Amino acid sequence: MESISEKFYDAFVKNDRWMYITNGLKNTVIITAFALIIGVVLGVIAAIVKVSYAKKTKKGVGLSIANAIVTIYLTLIRGTPTVVQLMIMYFVIWKSGAPVAVAIVSFGINSGAYLAETFRSGIQSVGRGQEEAGRSLGLSYGQTMRKIILPQAFKNVAPAVFNEFITLLKETSIAGYVGIQDLTKGGDIIRSQTYDATTPLLLVAAIYLVIVIGLTQILRVIERRYAVSDQR
Amino acid sequence: MISVKNLHKTFHNSKGANEVLKGIDAEIKDGEKVVIIGPSGSGKSTFLRCMNLLETPTEGEIWFDGKKINDPKVNVDEVRAQMGMVFQQFNLFPNMTVRENITLAPVMLKKMTKDEADDKAMKLLKRVGLEDKSESYPGQLSGGQQQRIAIVRALAMNPKMMLFDEPTSALDPEMVGEVLNVMKELAEEGMTMAVVTHEMAFAKEVANRVFFVDYGKILEENTPEEFFNNPQHPRAKDFLSKIL
């Protein structure tokens, strides 16, 4: 039996194998961060379309079309596995794309569909009186949304968005399906080279865990800062 | 200032149609203070909310400052910017300080620069005795304080007219006075006001005219003296006998 230090040496030091982990982690972080940005943007837009459509008594053609597009978007994305979406994006829709860019777009579109529901419930959690107060001052629907409703909605859904962030981080571990060397794939490559699965995979798991714990701490800080206006 | 002609409002829901306003005609002149009273469910709040188009009339016309405002061509936001509204539930923005609540609309709509709006906010806060609360958040204030700030927020837009929708109904009894006092001062300064309220003493003291609303119509329109001492409509007599 090899000692633990020998296993560690083989897995990470020999042949600079640690670089599989660091380069993989870099890709994981890049994909997660940019996909989240795309997801939040798409999610907010989809949520506003849904809320506006549900509320307006006179529905314009543009809004009706937008609502139909959003409905199809949510149905397709939430009705199919993320890994299949990623493979379709890479092998069918955007064949010429750089793998990481394809993954960012694919995960972003995926996240947006889940965040849409989150933001919708967040917008609806802000009382109707807030909108009426904004409109009664002469602000337009858009201005009221941007300055009054959305900031409060974001605050209400911050924990849910962070959960989506954490889910997304872990979900990017399927990026290896389209040949991206993310953190998970990096650990797997080391496994295939050293025939030792335990050491690299446990380290990979530990890195995900540490990031998630770190994100959770950040969420606590954000919530505490938001809580300033709740002081009584 | 504002005149309402044959105003109808029907709400549609899953149970069908509910006609809340069944033809209201009314006029409020420049500088006049009108108090709208009536039992709950009578349509008095809906009537008030139609005046600044928070509710869209189903039928009829609303004229404000010589212009028909319930017209698709009219910019509703511009009309509302000239009409302040105070709500039963205050509806201050909880994520903003008192000063931000007051200055948001004037600055955003480019009525004032940020400095001008800050100045105006402080002046108005002083008037209602809350200048030390400018950096507080609404959640840190009492209901009476919040409602006074809601009035200030509306006044910061320099409105031509103020609408009050049961401004004291959500307040603890000992805070009603402080809000009514601000409203009385405002009335003395000549502000045009339409007030939906259950505060009969306020109506007697401040109103030029009283509208008694029930069944979606103005059943009686009278001076406060006449209305409270010698009501004409049987429904008004009945209502007053129950509350006075």
Side-chain angles (χ1 to χ4, degrees), chain A residues 44 48 51-63 119 121-161 219 221-232, chain B residues 10-13 48-49 51-56 58 72 75-98 100-111 135-142 150 153-159 162-163 165 170:
Chain A
V44 169
I48 290 174
V51 170
S52 306
Y53 184 81
K55 211 182 55 202
K56 287 261 163 69
T57 39
K58 284 182 215 129
K59 302 177 198 324
V61 182
L63 188 58
F119 287 127
S121 69
I123 291 169
Q124 285 172 343
S125 74
V126 179
R128 199 176 159 207
Q130 291 290 307
E131 187 193 331
E132 288 185 347
R135 299 305 303 275
S136 79
L137 289 165
L139 301 180
S140 68
Y141 180 71
Q143 289 170 326
T144 304
M145 215 20 139
R146 211 166 64 238
K147 281 290 191 181
I148 297 164
I149 311 287
L150 286 181
Q152 296 182 56
F154 280 135
K155 177 182 159 182
N156 292 348
V157 301
V161 172
L219 171 63
V221 174
I222 291 173
E223 281 184 322
R224 223 175 300 148
R225 215 182 57 192
Y226 266 148
V228 170
S229 60
D230 293 337
Q231 282 171 358
R232 267 156 216 274
Chain B
T10 305
F11 288 103
H12 297 275
N13 59 25
L48 192 78
R49 290 161 57 85
M51 287 195 217
N52 71 347
L53 302 174
L54 276 187
E55 305 291 354
T56 313
T58 315
N75 183 338
V76 181
D77 299 327
E78 276 171 22
V79 174
R80 290 201 188 111
Q82 302 173 46
M83 265 192 257
M85 177 137 188
V86 176
F87 300 87
Q88 183 176 353
Q89 299 295 339
F90 331 135
N91 294 347
L92 292 179
F93 310 130
N95 54 327
M96 299 177 203
T97 63
V98 165
E100 288 165 345
N101 262 277
I102 299 166
T103 57
L104 173 74
V107 173
M108 215 171 174
L109 298 172
K110 303 199 164 54
K111 299 244 165 193
E135 299 309 313
S136 301
Y137 284 93
Q140 300 165 315
L141 305 175
S142 73
R153 180 175 69 180
L155 289 176
M157 287 292 290
N158 293 324
M162 288 282 287
L163 307 173
D165 190 4

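The figures that follow rest on heavy atoms only: side chains count, while hydrogens, waters and symmetry mates do not. Owing to the predicted nature of the structure, the values given are computational and were not obtained by experimental measurement. Numbered from 1 within each chain, the chains take letters A, B, ... in sequence-line order.
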Is chain A contacted by the side chain of B:Met108, its backbone, both, or neither, given a heavy-atom distance below 4.5 Å?
both

Would you indicate whether the side-chain heavy atoms of B:Phe87 and A:Ser136 approach each other to under 4.5 Å?
yes

Any A:Arg135 side-chain heavy atom under 4.5 Å of B:Asn52 side chain
no

Those residues that, when tested against A:Glu132, pass salt bridge (Lys or Arg N to Asp or Glu O under 4.0 Å) (two or more places apart)
A:Arg128, B:Arg49

So, for B:Asn95 and A:Ile148, which heavy atoms are closest and what is the spacing to 0.1 Å?
ND2-O, 4.3 Å

4.5 Å side-chain heavy-atom contact, B:Leu104 and A:Leu137
no

Salt bridge (Lys or Arg N to Asp or Glu O under 4.0 Å) partners for B:Arg80, two or more places apart
B:Asp77

So A:Gln130 and B:Pro94, do their side chains get closer than 4.5 Å, heavy atoms only?
yes

